[in-house]
Structures are given as structure tokens and as C-alpha cells.
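Comments concern the structure below.
Remember, predicted model here, so these are calculated numbers, not experimental data. Along the sequence shown, residues carry numbers from 1. The figures here come from the full heavy-atom set of this structure, side chains too, leaving out hydrogens, waters and symmetry mates.
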Amino acid sequence: MSLGTSATDHKGMRDLNQNRLLNFIRLNAPISRPRLGELSGLSAATVLNLTNDLLESQLLVEKGTANSSRGRRPTLLEIHPAGGYAIGLMIREYETVGVVVNLHGIIISSAHWHMTLLERHEQSIPLIAEKVEALIAQAGIPRERLIGLGCAISGFIDSEHGICIDSWQLGWHHFVLASPLAALLQLPVVIRNNVSCIACYENLFGCGQDYQHFLTVAIGRGLGLGIVINGDIYGGAMGGAGEFGHTARLFNPLCCRCSTPGKISRFAAP
């Protein structure tokens with residue numbers, strides 16, 4: 001560690017490099033350490049140390065050896081599907097859908113709950129936590145293997161601070177959700193716009209894997225747009241990028257349910 005570099009900075013850089021390696025492995029598995037070094041630009045020693053840590057934590061698994069014309073054949077690595085699990089929730093006014101997925105994005109367990117969360121705000125947190133605990137028990141996986149919970153919510157979402165700024169479908173406004181839910185479940189919690197979550201799935205496991213830039217359009221009760229730029233989800237400065245359902249039109253506009261006196265908010269129609 002260089003002079004003036006804190007332990008926090010060092011850990012942050014290590015975590016960043018580890019995440020980069022995991023992403024290269026996900027996209028190119030099975031892959032050897034020398035090839036990982038070529039793709040990442042990291043030294044052979046760094047790649048060896050980081051991948052050994054990932055093997056020890058069971059996030060990676062060895063998968064045979066690569067062909068080599070000389071010397072020892074390098075070991076191939078890939079993501080270990082049972083090395084970790086994530087919980088996903090789609091939260092709506094009168095129902096919530098929950099899934100547990102492995103590291104390959106395959107659903108291990110799922111549930112569908114009918115419960116009213118419309119305009120309930122604070123009451124929603126213990127209700128959601130109760131259902132998540134039931135889903136974990138149903139899945140029958142070790143709790144220490146859970147890496148976190150992701151919540152898909154309609155509207156303007158401040159993912160960085162875990163705040164639902166405005167969800168007119170749910171009637172939630174400036175509602176801090178992530179931190180109190182994380183405290184109840186003792187798990188990392190991330191919230192994001194629902195269509196951005198769909199775009200994230202397409203980016204990691206679906207039709208968007210081969211593209212660095214693409215759009216995902218959702219047409220339902222509202223119109224939503226997920227934006228991927230340079231392989232990352234773009235949320236905009238206020239978490240509302242892609243909310244093109246509120247584009248004003250000139251002729252016979254229909255008021256959206258979120259219209260209020262003095263506020264121009266129109267429902268885009270053909």
C-alpha cells in the first residue's frame with residue numbers, strides 16, 4: 001500500500017477489481033487466469049490472489065483445464081451457481097412477487113402474495129420483511145449465502161439513497177425504504193425503478209448480453225423505459241430517466257392519475 005493510501009481505499013480498489021474479474025468470468029466462462037489477466041489488465045499475482053479468495057468463498061468453481069501447447073495446462077474458472085443467492089421483489093399496489101435466484105440467474109424459489117401496499121408507507125416495511133423471511137425459509141438455503149435483496153418499484157427512485165421519490169401507482173412519496181428494510185432483514189437492500197430492473201436482467205442474462213447500449217420498453221398500466229449505456233443502467237440525475245410515459249402531447253391529452261392542479265403531467269397516447 002502506497003504512502004497516503006488508506007485501508008478503506010485499498011479495500012475499495014480490491015472489491016472493484018474482484019467485481020471486474022467476476023464480470024469477465026461471467027461473460028467468458030470457463031476462462032483461465034492468464035486470459036483474465038489479459039482482459040482485465042491486472043497482474044498475474046493480483047488475478048491469482050483475487051481468484052483464490054473467490055474460490056475460497058465459493059463464488060467461483062474450477063471447471064477443468066484449458067488446452068496448452070507447452071507447460072502446465074491452466075485451470076478454467078466459472079461462477080459457482082450455488083455460491084450465493086439473491087432475493088428479488090416486484091412490489092405493486094395489491095400484490096408482491098418474490099423470487100430467490102442463484103448466481104446464474106436461475107429461479108430457485110418463488111412466491112406471490114396478495115397484500116395491499118397502496119399508500120401504506122411505513123406499514124409496508126414490516127409486511128415486506130415478513131414475506132421475505134417466509135420466502136427464505138421456503139427456499140431452504142443457508143442465510144449466510146444470501147448476498148442481498150433487490151426491490152423493483154414503479155416511478156422515480158433514488159437508488160443511491162434507497163428512497164422512493166414518487167411512485168404514483170403505489171402512492172409512495174419521499175419514502176425511505178432500503179435502510180429500514182435492510183435493518184429488519186440484516187441484508188443489503190437495493191431499490192430501483194421496475195423497468196430498469198428488467199433492463200438489468202436483459203443486460204446480465206437476456207437479449208442485451210451482446211450489446212453495450214440498448215433500450216427496454218415496458219407497456220402496461222404505464223409506459224416505462226430502461227436505458228443501458230456502456231453496459232450500465234442509466235437512471236438520470238433524479239432517478240427518472242426513461243419515464244417517457246409522461247411526455248406531453250398537443251391534442252386531447254388525458255390526465256394521468258398523478259396530475260395535480262397547476263402541474264402538467266400527461267399520459268402519452270398514440
* Between R192 and E160, is there a side-chain N and carboxylate O pair less than 4.0 Å apart? -> no
Kindly indicate whether the side chain of [X], heavy atoms from C-beta on, has any atom under 4.5 Å from the side chain of [Y].
| X | Y | value |
| --- | --- | --- |
| H173 | W168 | yes |
| H114 | Y94 | no |
| T65 | L76 | no |
| I165 | I157 | no |
| S32 | L77 | no |
| H80 | L60 | no |
| E95 | M90 | no |

How far apart are the closest heavy atoms of [X] and [Y], and which atoms are they?
| X | Y | answer |
| --- | --- | --- |
| G83 | L59 | O-CD2, 3.7 Å |
| S124 | L117 | OG-CD2, 3.6 Å |
| I191 | C164 | CD1-N, 3.8 Å |
| G98 | L89 | CA-CD2, 3.7 Å |
| G231 | N203 | O-ND2, 2.9 Å |
| P180 | I125 | CG-CD1, 3.6 Å |

Output the distance between atom [atom1] ([X]) and atom [atom2] ([Y]), rounded to the nearest 0.5 Å.
| X | Y | atom1 | atom2 | answer |
| --- | --- | --- | --- | --- |
| N19 | L50 | CG | CG | 10.0 Å |
| L215 | L225 | CG | CG | 5.0 Å |
| R143 | Y85 | CZ | OH | 15.0 Å |
| I141 | S109 | CD1 | OG | 8.5 Å |
| L42 | R20 | CG | CZ | 5.0 Å |
| L127 | T96 | CG | OG1 | 9.0 Å |

Distance alone, cut at 3.5 Å: any donor-acceptor contact between the side chains of [X] and [Y]?
| X | Y | value |
| --- | --- | --- |
| R26 | N23 | yes |
| T216 | E202 | no |
| S154 | S167 | yes |
| T75 | R33 | no |

* Of L135, I136, L181, which meets side-chain contact (heavy atoms from CB on, under 4.5 Å) against L149? ->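 The option that passes is L181.
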I'd like to know if the side chain of [X] and the backbone of [Y] have a donor-acceptor N/O pair within less than 3.5 Å.
| X | Y | result |
| --- | --- | --- |
| N193 | G155 | yes |
| H104 | I79 | yes |
| N102 | I106 | yes |
| Q138 | S110 | yes |
| H213 | N230 | yes |
| W113 | I128 | no |

* Does atom OH of Y234 have more than 12 heavy-atom neighbours from other groups under 6.0 Å away? ->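 Check fails, neighbour count at 12 or below.
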* Asked: Does OH in Y211 sit with more than 12 non-hydrogen atoms of other residues, nucleotides or ligands closer than 6.0 Å?
  ->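 No, because the 6.0 Å sphere around OH of Y211 holds 12 heavy atoms or fewer from other groups.
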